[in-house]
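These notes are about the structure you will find just below.
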Amino acid sequence: MKNLFVIFFIIFNAWNAFDIYTNYAHDEIISLLSIRIMVFVISFVLSVIYIIVRSPKSTVILSIINIIVALIHGYMILVTYL
């Protein structure tokens, strides 16, 4: 079950990072920005928690991938809005 959550967050973060980069429409992005930031933070923190509590190796690997993708997503948000 943990792996499914992490995989969902990986897909969500990757899609949003790509979507922000390719479809920059200021009005649409502003309305979705708070949701994107909340899911970005939740997925990042959840992955860190999975690593800290010593989850199984597959979950830790997926969590590391999710952290990297979440950081890319966060970077794309910062680049787009600054």
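Keep in mind that the numbers below use all heavy atoms, side chains included, and drop hydrogens, waters and symmetry copies. Just so it is clear, the structure is predicted and the values come from calculations on it, not from any experiment. Throughout, residue positions are numbered sequentially from 1 according to the sequence presented.
- Ile10 contributes atom CD1, which lies 5.0 Å from atom CG of Leu62 (distance to the nearest 0.5 angstrom).
- For Phe44, the side chain to side chain contact (heavy atoms under 4.5 Å, CB included) test picks out Val48, Ile67, Ala70, Leu71, with sequence neighbours left out.
- With sequence neighbours left out, the side chain to side chain contact (heavy atoms under 4.5 Å, CB included) criterion links Ile61 to Lys57, Ile65.
- Without hydrogens or angle criteria, Asn66 side chain to Ser43 main chain gives a donor-acceptor distance under 3.5 Å.
- Ser63 meets the side chain to side chain donor-acceptor pair (under 3.5 Å) test with no other residue; sequence neighbours excluded.
- The side chain to side chain contact (heavy atoms under 4.5 Å, CB included) test applied to Phe12 returns Asn16, Val39, not counting sequence neighbours.
- The line from CZ of Phe5 to CG of Leu46 is 8.0 Å long, rounded to the nearest 0.5 Å.
- Rounded to the nearest 0.5 angstrom, Ile7 CD1 and Thr59 OG1 are separated by 9.0 Å.
- Expressed to the nearest 0.5 Å, how far CZ of Phe40 lies from CD1 of Ile72 amounts to 11.0 Å.
- Minimum interatomic distance between Ser58 and Asn3 (heavy atoms only, all atoms of both residues): OG-ND2, 3.4 Å.
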